[in-house]
**Student:** 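Quick one: the structure is below, and I'll ask about it shortly.
Letters go in sequence order (proteins before strands), and every chain restarts at 1. The analysis underlying the following values was restricted to heavy atoms, covering all of them including side chains, and did not include hydrogens, waters or symmetry mates.
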Protein chains: 2
Amino acid sequence: MNIGEASKASGVSSKMIRYYEQIGLIHPTARSENNYRLYTEDEVHVLRFIRRARSLGFSLEETQKLLALWQDKARESAAVKEVATQHIADLERRIAEMQGMVKTLKHLSHCCSGDGRPDCPILEDLAASAAPPVKPTRRKH
Amino acid sequence: MNIGEASKASGVSSKMIRYYEQIGLIHPTARSENNYRLYTEDEVHVLRFIRRARSLGFSLEETQKLLALWQDKARESAAVKEVATQHIADLERRIAEMQGMVKTLKHLSHCCSGDGRPDCPILEDLAASAAPPVKPTRRKH
DNA sequence: CTTGACCTTCCCATGATGGGAAGCCCTATC
DNA sequence: GATAGGGCTTCCCATCATGGGAAGGTCAAG
């Protein structure tokens with residue numbers, strides 16, 4: 001089938017399919033005489049695997065690891081679990097970070113009259129930052 | 001003071017200060033005879049405001065709005081609250097999304113033996129995606 | 001006079017995705 | 001046969017916020 005059908009069948013856009021091929025996440029497929037990419041059911045299955053991994057928040061790099069493990073019949077499930085565990089930890093860190101923001105913002109918002117007057121505790125907080133030097137937290141590469 | 005000092009005093013890297021100037025988030029500053037950027041206390045204060053807004057997760061676009069409101073003595077606090085409320089909603093949406101991922105992943109991980117055997121419910125889930133077409137959710141622009 | 005620490009501008013990279021142009025191929029319709 | 005439309009190809013650009021690094025100017029201390 002052509003890339004458009006593979007896209008519909010997998011839920012991955014044509015653009016992304018080409019990109020995944022370009023970065024080596026998936027193998028180049030066969031081509032028709034017109035130079036159109038041709039996809040088999042197996043290849044569509046791989047695309048669905050990728051889409052599912054992405055929907056669980058795995059990066060393309062992690063997805064590539066999972067894909068390799070999936071295709072390695074002799075894999076150890078411990079390796080898969082390791083990838084998942086790391087990802088869970090990363091998600092939880094980011095969730096906690098955002099929850100901290102929400103907590104602060106809700107407090108400030110609650111204290112803000114939100115009417116026609118100019119006084120605003122939200123702006124006061126932003127303006128009052130007395131402690132300048134905070135090492136920014138780094139993400140996973 | 002020079003950009004390096006302003007950076008230390010505000011917690012914003014020199015790179016970012018120049019970038020903020022380039023995109024018009026902050027006004028171009030005075031220059032010394034050597035063409036070095038010169039910063040006043042007020043300008044450092046603005047940089048700290050930006051850093052604080054960023055640390056609460058506001059985008060640079062939102063930060064610009066907040067900055068404009070901060071500098072507008074006749075602002076209505078309702079306008080500020082509106083920006084904050086939208087941002088809270090966005091954060092909460094993203095948190096919920098990630099919590100959903102964590103929930104699924106924890107369940108799958110829990111079911112995975114994580115030893116030397118190849119059987120793995122995590123991979124089975126990824127491979128089993130029976131429902132292809134899911135419209136991806138869009139973020140705020 | 002050299003060294004090192006600043007500063008300047010300019011270009012490139014990240015991650016994952018979309019937009020769009022220019023051009024080829026095929027089919028259906030007039 | 002000509003044309004219109006839709007699908008495919010490659011290539012380039014944009015996003016968002018940030019960092020890395022090169023090439024070169026400036027300044028102060030040794």
**Student:** Return the value, rounded to whole Å, for the distance between atom CD1 of A:I3 and atom C1' of D:dT10.
**Tutor:** 12 Å

**Student:** Quickly work out the B:L60 CG to D:dT18 C1' distance and round it to whole Å.
**Tutor:** 10 Å

**Student:** OP1 or OP2 of D:dT26 sitting under 4.0 Å from any side-chain N/O of B:R31?
**Tutor:** no

**Student:** How long is the gap from CD1 on A:I3 to CZ on A:R18, to the nearest 0.5 Å?
**Tutor:** 4.0 Å

**Student:** For A:N2 and D:dG7, give me the distance from atom CG to atom P, rounded to whole Å.
**Tutor:** 11 Å

**Student:** Rounded to whole angstrom units, what separation is found between the CD atom of B:E33 and the P atom of D:dA28?
**Tutor:** 12 Å

**Student:** Can you list everything that forms a side-chain contact (heavy atoms from CB on, under 4.5 Å) with B:E5? Sequence neighbours excluded, please.
**Tutor:** B:M1, B:N2

**Student:** Please list residues of residues 13-26 of chain B whose heavy atoms come under 4.0 Å from any atom in DNA chain D, ordered by number; otherwise none.
**Tutor:** B:S13, B:K15, B:M16, B:Y19, B:Y20

**Student:** Test of understanding: clusters of I, L, V, M, F, W, Y form through side-chain heavy atoms closer than 4.5 Å, transitively. Do B:V83 and B:L25 belong to the same one?
**Tutor:** yes

**Student:** Tell me: CD1 of B:I50 to P of D:dT18, nearest whole Å?
**Tutor:** 10 Å

**Student:** Per the side chain to side chain donor-acceptor pair (under 3.5 Å) rule, which among B:Q86, B:R93, B:H87 passes with B:D90?
**Tutor:** B:R93

**Student:** May I ask you to decide if A:G11's main-chain N or O and A:R48's side chain share a donor-acceptor pair within less than 3.5 Å?
**Tutor:** no

**Student:** Evaluate salt bridge (Lys or Arg N to Asp or Glu O under 4.0 Å) for A:D119 paired with A:R117, printing each intermediate quantity in order.
**Tutor:** CA-CA 6 Å; A:D119 318 87; A:R117 287 171 295 171; 5.1 Å; no

**Student:** What is the ring orientation for A:H45 with A:W70, classed by angle as parallel under 30°, tilted 30 to 60°, or perpendicular over 60°?
**Tutor:** perpendicular

**Student:** Mind calculating the distance between CG (B:L47) and C1' (D:dT18) to the nearest angstrom?
**Tutor:** 16 Å

**Student:** Whole-Å distance between D:dG19 P and B:R54 CZ?
**Tutor:** 10 Å

**Student:** CG of B:L38 versus C1' of C:dT8: gap in Å, rounded?
**Tutor:** 13 Å

**Student:** Answer yes or no: does a side-chain N or O of A:N34 lie under 4.0 Å from OP1 or OP2 of C:dC26?
**Tutor:** yes

**Student:** Has B:R37 got a side-chain N or O lying under 4.0 Å from the OP1 or OP2 atom of C:dC6?
**Tutor:** no

